[in-house]
Amino acid sequence: MLKAKKGHSERNHELQGTDGSAFRLILRQNDHNPLDFPAILAYSPPNSNRLLHLRRYNGAGHAHRNYIEKTRCDFTFHIHQATQRYQESGRDIDAFAEQSARLASLWDALECLIEDCGFVRPDDAQTTFGFFGETDGE
Amino acid sequence: MVSETIVSACQGSANDQVRFLADGPGRFRVLTPFGFDDGDLLTVVLKREGDRWLLSDEGQVFMRLSYLLDDRALHSGTRQAIIVNTLSSFGLQDRDGELVLPVGPEDCGEGIFAFTQAALRIADIKLWTREIIHSTFLQDFGALLSDIVPESARQLGWHDPVHDRAANYVVDCRVEAQDKPLFVFALPNEERISIATITLHQFRDWGLRYTPLGIFEEQERINPKVLARYSDIGDKLFSHIPGNEESIRAYIEEHLAA
């Protein structure tokens, strides 16, 4: 369940990798434009306040430009991913994105993220991380 | 057509890098070269509301800031002041999370550049936060504690009224818990950490019952010896606030409910 905020609804979920690494799952849905949403998997390095976006599944509410490749995604669903070349270029590490036909909603984006990023679903999971209605302690 | 009139006027007063794309009745996407460091371009929409025209970001800027900053951090203290000053300087309005600027045919081109400049300046708060976090840590600490602990259960700047009438040994925030109080220390620098270390040793000498909790601004920047001395007596630590809000909340609420 997303929480209503100013201009959007949101949900964060703290995750821990099998090796103890800390991650955050970030979901946002723009209230003004249903096509504008991200589902983000971010890594939280130990002893740091930084939050590194590894993957970001974006809606089609805005255009995207790949600075290095000189390519664009013009108001299409697109997937950002962290790359070494953008990190070394001084841009945000997830500044590379490719158009995708796999998603058309925030929930599609979450499903893609789960599928792509090494998540293991619990055997008895009927829903996903409490985002579809049940609470997770909040 | 009114729409064609304003778009024609806007196009005439803007430069060649600005284009307009029809996107429904009374609505145009304004394509500009302005974007963010992650390659996403700034959303600018020209839309009609009643008898007036507005430029809008459709909530993009504040939604993007929410990836890193929560409402408390964004809409309080210095960050809020920057937002208010920027909106005021460029004539924009924050309409429940949506940045808007009314424009007409005569000032639309100029309005587009004012709008994009203001929107990007607000979006840059994310970068500014990383660089000048020292000035906001104590605000963030206070806001977080206020959000988690009811006012009746917390006391800022507490000192022991029996042993320490002069208030030489102060706890940043005392939280009343079921078993024994939480003594919460804000630890932005080595001086504050050393004072907290001495304070906790003094409390132990007095035989006070408490649970110490230290929240660092950036633990990794602290001298290891200073950190080790604090760790010897302050057993529960959080290395920083951003990213740990929910963990801090869970820890404190666990003690409140114990």
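Protein chains get the first letters and strands the later ones, always in sequence-line order, with residue 1 at the start of each.
Looking at A:A63, both its backbone and its side chain come within 4.5 Å of chain B, counting heavy atoms on both sides. For B:T43, the part lying under 4.5 angstrom from a heavy atom of chain A is the side chain only. A:N30 touches chain B through backbone and side chain together, each having a heavy atom under 4.5 Å away. Contacts between A:R24 and chain B at a heavy-atom distance below 4.5 Å involve the side chain alone, from C-beta outward. Only the side chain of B:L31 comes within less than 4.5 Å of a heavy atom of chain A; its backbone N, CA, C and O stay farther away. In this structure, chain B has a heavy atom under 4.5 Å from the side chain of A:F75, while its backbone stays farther away.
A:E14 approaches B:G243 most closely through the heavy-atom pair OE1-O, 3.9 Å. Residues B:F36 and A:Y67 come closest through the heavy atom pair O-OH, 2.9 Å. Contact record, A:H80 with B:D38: CE1-O, 3.5 Å, taken as the closest heavy-atom pair. The minimum heavy-atom distance between A:A95 and B:G39, with the atom names listed, is CB-N, 4.4 Å. Of all non-hydrogen atoms in B:Y67 and A:L51, the two that sit nearest each other are O-CD2, 4.1 Å. Counting all heavy atoms, side chain and backbone alike, B:S66 lies closest to A:H8 at OG-NE2, 3.4 Å.
For the options A:P38, A:C73, A:A42, A:G90, heavy-atom pairs under 4.5 Å to chain B are most numerous at A:P38. Chain A forms more heavy-atom pairs under 4.5 Å with one residue of B:N244, B:V45, B:D40, B:D37 than with any other, namely B:D40.
The CD atom of B:E98 sits 4.5 Å away from the NE2 atom of A:H32 when rounded to the nearest 0.5 Å.
In this structure the side chain of A:R72 reaches within 4.5 angstrom of the side chain of B:L41, judged on heavy atoms. Using a 4.5 Å cut-off on side-chain heavy atoms (C-beta onward), B:M63 and A:F37 make no contact.
In this structure, A:K5 pairs ionically with B:D71, as a charged nitrogen and a carboxylate oxygen lie closer than 4.0 Å. Under 4.0 Å is where a charged nitrogen must lie from a carboxylate oxygen, and between B:E246 and A:R11 no such pair does.
Remark: side-chain polar atoms of B:R29 are not paired, donor with acceptor, to backbone N or O of A:H62 under 3.5 angstrom.
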